[in-house]
Protein chains: 4
Amino acid sequence: MQFRVDRTGGIPAYVQLAGQVREALRLGWLKPGDRLPTVRDAVAASGVNPNTVLKAYRQLEFEGLVEARQGAGTFVKASLRSVDPEVMTDLRDHLAHWVLRAREAGMNDEGARALLGAVLDDKDTEGER
Amino acid sequence: MQFRVDRTGGIPAYVQLAGQVREALRLGWLKPGDRLPTVRDAVAASGVNPNTVLKAYRQLEFEGLVEARQGAGTFVKASLRSVDPEVMTDLRDHLAHWVLRAREAGMNDEGARALLGAVLDDKDTEGER
Amino acid sequence: MQFRVDRTGGIPAYVQLAGQVREALRLGWLKPGDRLPTVRDAVAASGVNPNTVLKAYRQLEFEGLVEARQGAGTFVKASLRSVDPEVMTDLRDHLAHWVLRAREAGMNDEGARALLGAVLDDKDTEGER
Amino acid sequence: MQFRVDRTGGIPAYVQLAGQVREALRLGWLKPGDRLPTVRDAVAASGVNPNTVLKAYRQLEFEGLVEARQGAGTFVKASLRSVDPEVMTDLRDHLAHWVLRAREAGMNDEGARALLGAVLDDKDTEGER
DNA sequence: GTGGTCTAGACCACA
DNA sequence: GTGGTCTAGACCACG
């Protein structure tokens, strides 16, 4: 769990931090019972103010994903894993291959993200939603 | 070009609007010379205040992507397309197939986005960047 | 809706403020659609820092009781009324009479509150809970 | 004397513990000379850290309500009873009856507490205080 | 003028 | 040493 904050995009720092924790939960990097970085460590890693980290952690607490224990730290309460780890590995390999080809074709990261967004939205309409 | 704004995520409305224009540019939905939605239309679609739309357009203008012409509207100046349209279609098809499989495995949209993010970051270190 | 904060009891200011809003909702002093005092007014009335008021309002927002609208204010979303206003008036009259007698007997406010707490806890065990 | 601590309301644990002792004193459940639960018992009942119990007892000692005797325990020094026991019983019966009616009308515990608070505040202005 | 974000720093509650 | 509360004040997003 390593935080990074980009202050150039207009996206609030605490939103970025909370999003990174959620991402780690989704990818299985964090499991229930794990302790999040201490506020102080997060501050050291991300360069923001302690209160900003606290705000991100409180937000996650509101969402029921983590739990702060006075004097002990902040701990993961729920998982966001949606997929079996083995299947996840397979999906990741295939996606990595796709990224390789996309990059060879000149597509940058933002383009890849935009394309995935379009495909996801598109599938929504094709699917049941 | 259809705007939508989510006021629940903490991300500023004007950042979301500008991001959606950039995404459309990257995917080729908007090409140089195209006119952006009028402020009035954007307001109707997104429910925000006209000033907020104006701020987004001003931001894009500052980035050199669009150009406001007094009394005529706001027009696309530059493209963000990084890939040949045919290759893009091919990449999109493969990605759509991957998404299909991911969904069958139980992965949701946020999980897919998180996985792409992880792969992109990972390839960064493996690749040339 | 008039805030007051007692800084001598160890109870966090934002907890007191949120509690007073909840109380007003329960007693019907605030109804859905009403606007809460602006942060600035609350600051003027309670003497705390604007951030403290914001924290109380955010807490209530999380509980689904109020809704903050950028640039417009904070508005009541849900009611906590549990009793018909007429019945409430009746209950209040009888309770006021009881308070009168309790005071004549030398009981102070804290004693009355403690006694109500004991009775409520007691009834729980007598009742169905 | 049975302690319970709710860690979800933002109220410091030691404030809750001290408040419960005060309430017991007011209701006559604890009388001068009685021994408070040992720190060990209080810890077992409330789940907090021994230091937290000690802090609550120290607070009560500072208020002159209890007295710590080395190696023997902590003992009640003063009473907070404001009313003759018989009158208290009568008041309690009437209040219990009122609670019964309030509950039949659909009022919950928090509503009852809020109403009492409102009545007490109201009487303040009407009465002599 | 409304609410919201962030900072720097003091102090508190708890283990 | 952990998280939590509060302050004062700057600046931003939005209507």
Side-chain angles (χ1 to χ4, degrees), chain A residues 5 7 10-17 35-43 46-59 61 66-75, chain B residues 5 7 9-18 43 46-56 58-59, chain C residues 5 7 10-17 35-43 46-59 61 66-75, chain D residues 5 7 9-18 43 46-56 58-59:
Chain A
V5 167
R7 301 313 305 278
I11 297 177
Y14 83 96
V15 171
Q16 297 181 45
L17 293 176
R35 199 176 80 162
L36 293 189
T38 66
V39 171
R40 290 155 180 78
D41 287 351
V43 163
S46 65
V48 301
N49 185 281
N51 286 325
T52 302
V53 177
L54 263 181
K55 181 165 186 181
Y57 282 11
R58 231 178 288 130
Q59 170 68 27
E61 203 171 1
V66 307
E67 179 184 31
R69 297 186 207 141
Q70 273 275 30
T74 301
F75 297 81
Chain B
V5 167
R7 301 307 303 276
I11 298 176
Y14 84 96
V15 171
Q16 296 183 46
L17 293 174
V43 164
S46 65
V48 301
N49 186 282
N51 287 327
T52 303
V53 179
L54 276 173
K55 179 160 185 182
R58 239 183 293 131
Q59 170 68 22
Chain C
V5 167
R7 302 311 306 277
I11 297 177
Y14 83 96
V15 171
Q16 297 182 43
L17 293 175
R35 199 176 80 161
L36 292 190
T38 65
V39 172
R40 288 155 181 79
D41 287 352
V43 163
S46 66
V48 302
N49 186 281
N51 285 325
T52 303
V53 177
L54 265 179
K55 181 164 186 182
Y57 281 12
R58 236 181 283 128
Q59 171 69 25
E61 201 171 3
V66 307
E67 178 184 32
R69 298 186 205 139
Q70 271 278 26
T74 301
F75 296 81
Chain D
V5 167
R7 301 308 303 276
I11 298 176
Y14 83 96
V15 171
Q16 296 183 45
L17 293 175
V43 164
S46 65
V48 302
N49 188 283
N51 288 327
T52 303
V53 179
L54 276 174
K55 180 161 185 181
R58 240 182 291 129
Q59 170 70 23

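Reminder, nothing fancy here: chain letters follow the sequence lines and each chain counts from 1.
Note: L17(B) CG to L54(B) CG = 11.0 Å, rounded to the nearest 0.5 Å. From E61(C), atom CD reaches atom CG of L36(C) across 10.0 Å, with rounding to the nearest 0.5 Å. To the nearest 0.5 angstrom, R58(B) atom CZ is 7.5 Å from N51(B) atom CG. The OG1 atom of T52(D) sits 11.0 Å away from atom CD of Q16(D), with the distance rounded to the nearest 0.5 Å.
Between L36(C) atom CG and dG3(E) atom P there is a gap of 9 Å when expressed in whole angstrom units. Atom-to-atom, CD of Q16(B) to P of dA13(F) comes out at 13 Å; the value is rounded to the nearest Å. Going from atom CD of Q59(C) over to atom C1' of dG3(E) covers 17 Å, rounded to whole Å. To the nearest angstrom, P of dA13(F) lies 13 Å from CD1 of I11(B). Rounded to whole Å, the distance from CD on Q70(A) to P on dA13(E) is 10 Å. In this structure, L54(A) places its CG atom 15 Å from P of dA8(E), rounding to the nearest Å. Rounding to whole angstrom units, CZ of residue F75(A) and C1' of dC14(E) are separated by 13 Å.
Formation of a donor-acceptor pair under 3.5 Å by the Q59(B) side chain with backbone atoms of A18(B) is not found in this model. Between the side chain of R35(C) and the backbone N or O of A72(C) there is at least one donor-acceptor pair closer than 3.5 Å.
Minimum heavy-atom separation, Y14(D) to A56(D): O-CB, 3.6 Å.
When the side-chain nitrogen and oxygen atoms of R58(C) are compared with OP1 and OP2 of dG4(E), none of them lie within a distance under 4.0 Å. Within the structure, every side-chain polar atom (N or O) of R40(C) is placed at least 4.0 Å from both OP1 and OP2 of dG1(E). A sub-4.0 Å separation between OP1 or OP2 of dG15(F) and a side-chain N or O of T52(B) is present.
When each of G73(C) and A13(D) is assigned the nucleotide of DNA chain E bearing its nearest heavy atom, the one mapping closer to the 5' terminus is G73(C). The residue among V39(C) and G47(A) whose nearest nucleotide of DNA chain E is located toward the 5' end is V39(C). Of the residues near DNA chain F, A72(C) and R7(C), the one whose nearest nucleotide (by heavy atom distance) lies more toward the 5' end is R7(C).
With both pairing distances under 3.5 Å, dA13(E) is matched to dT2(F) as a Watson-Crick or G-U wobble pair.
Closest approach to the T38(C) side chain among dA13(F), dG4(F), dT2(E) is made by dT2(E) (side chain taken as heavy atoms from C-beta onward).
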What protein N or O atoms touch nucleotides 9-12 of chain F N or O atoms at under 3.5 angstrom, if any, and at what distances?
| unit_1 | atom_1 | unit_2 | atom_2 | d |
| --- | --- | --- | --- | --- |
| dG9(F) | O6 | N51(C) | ND2 | 3.1 |

